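One structure below.
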Number of protein chains: 2
Amino acid sequence: MNLDRQLCFALYATSRAMTRAYQPMLRTLGITYPQYLVLLVLWQWDNEQRDPGQSTVSALGDQLMLDSGTLTPLLKRMELQGLVARERGTLDERVTLIRLKDEGRQLQSLARSWRAAALDQLAVPKERLVALQKELWTLLDTLQSTGGK
Amino acid sequence: MNLDRQLCFALYATSRAMTRAYQPMLRTLGITYPQYLVLLVLWQWDNEQRDPGQSTVSALGDQLMLDSGTLTPLLKRMELQGLVARERGTLDERVTLIRLKDEGRQLQSLARSWRAAALDQLAVPKERLVALQKELWTLLDTLQSTGGK
DNA sequence: AACAATTAGATTGTGCGCAATCTAATTGTG
DNA sequence: CACAATTAGATTGCGCACAATCTAATTGTT
């Protein structure tokens with residue numbers, strides 16, 4: 001039962017270390033790590049020119065695997081910062097549509113260049129990172145299907 | 001900038017999924033996931049018959065890479081549950097010694113057997129999990145040294 | 001011995017995660 | 001149409017994470 005041999009702890013510690021590694025960038029952008037993940041999704045949707053009527057809170061939650069209890073207050077803070085707009089859907093008044101505002105859109109290039117620089121600095125070959133990531137998705141899938149309610 | 005291609009998100013999502021996978025066990029033990037990690041360290045120290053005078057809050061923090069702002073309230077809750085004892089060191093009055101109590105010690109066997117069963121159920125070969133874990137430690141080390149303040 | 005510097009924890013404040021519950025709008029069924 | 005069931009978010013409450021700050025004890029230097 002050695003801590004160092006627990007995969008769960010390796011995941012937990014490495015995930016937090018990665019978040020820490022993002023702090024310098026996030027600090028200059030003025031956002032938090034989960035807010036950055038939300039922006040990743042919104043940037044992607046924006047670039048894909050996806051129907052804005054589908055950019056709901058639950059669609060974001062599906063992508064990020066987060067529920068409304070986490071996203072609602074987070075999005076409200078991002079709205080206060082002027083990064084996104086939150087408005088009720090006209091067709092279905094139950095949904096809340098999240099729209100990327102220009103201020104949020106403009107952070108994309110900064111984030112992109114920071115990420116490129118950080119990757120270069122990382123002393124791990126890119127292929128290994130890609131392989132690691134693939135293994136993580138496999139594990140995630142398995143965890144989802146095994147414990148899937 | 002596709003979300004699915006971000007290693008940071010793969011780590012984040014998989015780590016949370018792993019925590020979720022532990023929930024059924026943790027619920028029966030009556031503890032949280034970080035509290036379980038604390039117990040893993042305390043069990044290990046207990047089995048190694050380590051000098052109790054070295055089981056300080058900061059020693060725990062070193063193992064788990066957590067600071068006192070996280071550990072202090074967490075350990076207080078574990079003390080309330082009767083899992084551990086917290087007492088000031090006699091030699092150095094600045095330190096707080098954490099002692100595993102019987103109630104906390106007794107959870108070890110339950111956790112161990114649950115873990116074995118869960119691993120069996122997981123449809124990923126054990127060698128791949130070990131390899132994945134090794135990659136994670138490498139990445140963690142790199143992140144530590146790169147961003148190390 | 002005196003006192004600056006260091007060290008160990010504790011405290012405070014903000015922001016997640018997530019379970020549980022609630023509200024309001026929509027959909028399905030007879 | 002009526003009404004139960006479903007769906008989308010919002011709310012509440014608790015427990016982390018972590019930065020920043022504070023307190024108190026200890027150590028190093030002169």
Side-chain angles (χ1 to χ4, degrees), chain A residues 9 11-24 26-27 30-38 53-62 64-81 83 86-98 147 149, chain B residues 9 12-24 26-27 29-38 53-62 64-81 83 86-98 147 149:
Chain A
F9 177 63
L11 276 168
Y12 170 80
T14 309
S15 178
R16 285 192 298 121
M18 184 62 86
T19 304
R20 269 195 298 276
Y22 271 79
Q23 284 312 311
L26 297 174
R27 194 182 283 267
I31 57 176
T32 66
Y33 184 70
Q35 287 171 15
Y36 167 69
L37 295 179
V38 165
Q54 302 201 252
S55 302
T56 64
V57 172
S58 59
L60 264 174
D62 287 345
L64 300 169
M65 304 179 216
L66 290 170
D67 76 357
S68 66
T70 300
L71 285 176
T72 296
L74 185 155
L75 291 168
K76 281 182 177 172
R77 283 185 285 270
M78 292 181 76
E79 184 184 31
L80 268 175
Q81 288 196 262
L83 301 175
R86 280 161 23 91
E87 42 216 20
R88 285 286 172 177
T90 47
L91 204 131
D92 184 338
E93 286 180 35
R94 288 172 308 178
V95 307
T96 298
L97 299 174
I98 306 300
K149 35 189 169 178
Chain B
F9 177 63
Y12 170 80
T14 310
S15 178
R16 285 191 299 120
M18 184 63 86
T19 306
R20 268 195 299 277
Y22 271 80
Q23 284 312 310
L26 297 174
R27 194 182 283 269
L29 297 189
I31 57 178
T32 66
Y33 183 70
Q35 287 171 14
Y36 167 70
L37 295 179
V38 166
Q54 302 202 245
S55 302
T56 65
V57 172
S58 57
L60 263 175
D62 287 345
L64 300 169
M65 306 179 213
L66 290 171
D67 75 358
S68 65
T70 301
L71 284 177
T72 296
L74 185 155
L75 291 168
K76 281 183 177 172
R77 281 184 287 272
M78 291 181 77
E79 184 184 31
L80 268 175
Q81 288 196 266
L83 300 175
R86 278 161 25 91
E87 43 216 19
R88 285 283 170 181
T90 47
L91 205 131
D92 185 340
E93 286 181 35
R94 290 173 306 177
V95 308
T96 298
L97 299 173
I98 305 302
K149 33 186 172 181

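This one's a predicted model, so the numbers in the text were calculated from it and none came from an experiment.
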- With sequence neighbours excluded, residues passing side chain to side chain donor-acceptor pair (under 3.5 Å) with Arg86(B):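 Expected list: Glu79(B).
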Please state how far atom [atom1] in [X] lies from atom [atom2] in [N], giving the value in whole angstrom units.
X: Leu66(A); N: dG9(D); atom1: CG; atom2: P; answer: 14 Å
X: Arg27(B); N: dC18(C); atom1: CZ; atom2: P; answer: 13 Å
X: Asp62(A); N: dT7(D); atom1: CG; atom2: P; answer: 13 Å
X: Ile98(A); N: dG9(D); atom1: CD1; atom2: C1'; answer: 10 Å
X: Leu26(B); N: dA19(C); atom1: CG; atom2: C1'; answer: 14 Å
X: Gln23(A); N: dC16(C); atom1: CD; atom2: P; answer: 11 Å
X: Ile31(B); N: dC14(D); atom1: CD1; atom2: C1'; answer: 16 Å
X: Met65(A); N: dC16(C); atom1: CE; atom2: C1'; answer: 17 Å

Approximate separation, where rounding is to 0.5 Å, of [X] [atom1] and [Y] [atom2]:
X: Tyr36(B); Y: Leu26(B); atom1: OH; atom2: CG; value: 8.0 Å
X: Leu83(B); Y: Ile98(B); atom1: CG; atom2: CD1; value: 12.0 Å
X: Leu37(A); Y: Tyr22(A); atom1: CG; atom2: OH; value: 8.5 Å

Do you know which two heavy atoms are closest between [X] and [Y], and how far apart they sit?
X: Gln81(A); Y: Gln35(A); result: OE1-OE1, 3.7 Å
X: Phe9(B); Y: Tyr33(A); result: N-OH, 4.0 Å
X: Ala59(B); Y: Gln54(B); result: CB-O, 3.5 Å

Considering only heavy atoms from C-beta outward, does the side chain of [X] approach that of [Y] to under 4.5 Å?
X: Thr19(B); Y: Gln23(B); result: yes
X: Met78(B); Y: Ile31(B); result: no
X: Thr56(B); Y: Leu97(B); result: yes

- Message: Which is more 5' along DNA chain D, the nucleotide nearest Ser58(A) or the one nearest Ala17(A)? Just name the residue.
- Response: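 In this pair, the answer is Ser58(A).
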- Output yes when at least one side-chain N/O atom of Tyr12(A) is less than 4.0 Å from OP1 or OP2 of dA17(D), else no.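 True: Tyr12(A) side-chain N/O within range (under 4.0 Å) of dA17(D) OP1/OP2.
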- Message: Considering every strand and a 4.0 Å limit on heavy-atom distances, what is the contact class for Thr56(A): base, sugar-phosphate, or nothing?
- Response: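 Answer is sugar-phosphate: Thr56(A) comes under 4.0 Å of backbone atoms only.
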Expected list for residues 69-76 of chain A: side-chain donor-acceptor pairs under 3.5 angstrom, two or more places apart:
residue, atom, partner, partner atom, Å
Thr72(A), OG1, Ser68(A), O, 3.0

- Contact state string [nucleotides 21-28 of chain C, B base, S sugar-phosphate only, - no protein heavy atom under 4.0 Å]: ----BS--
- How far does the helix from dA1(C)-dT30(D) to dG30(C)-dC1(D) bend, going by the axes of its first and last five pairs, to the nearest 10°?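 One end axis against the other gives 10°.
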Short N/O separations, protein against nucleotides 10-15 of chain C, under 3.5 angstrom:
residue, atom, partner, partner atom, Å
dA10(C), OP1, Arg86(B), NH1, 3.3
dA10(C), OP1, Thr96(B), OG1, 3.3
dA10(C), OP2, Thr72(B), OG1, 2.6
dA10(C), N7, Ser68(B), OG, 2.9
dT11(C), OP2, Lys76(B), NZ, 2.6

- Which nucleotide in the set dA20(D), dA8(D), dG17(C) lies at the smallest distance from any side-chain heavy atom of Arg16(B)?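 Minimum distance to the Arg16(B) side chain belongs to dG17(C).
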- Task: Could you list all the salt bridge (Lys or Arg N to Asp or Glu O under 4.0 Å) pairs where at least one residue sits in residues 88-97 of chain B, not counting sequence neighbours?
- Result: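 For residues 88-97 of chain B, and leaving out neighbouring residues, the salt bridge (Lys or Arg N to Asp or Glu O under 4.0 Å) pairs sorted by first residue read Asp92(B)-Arg94(B).
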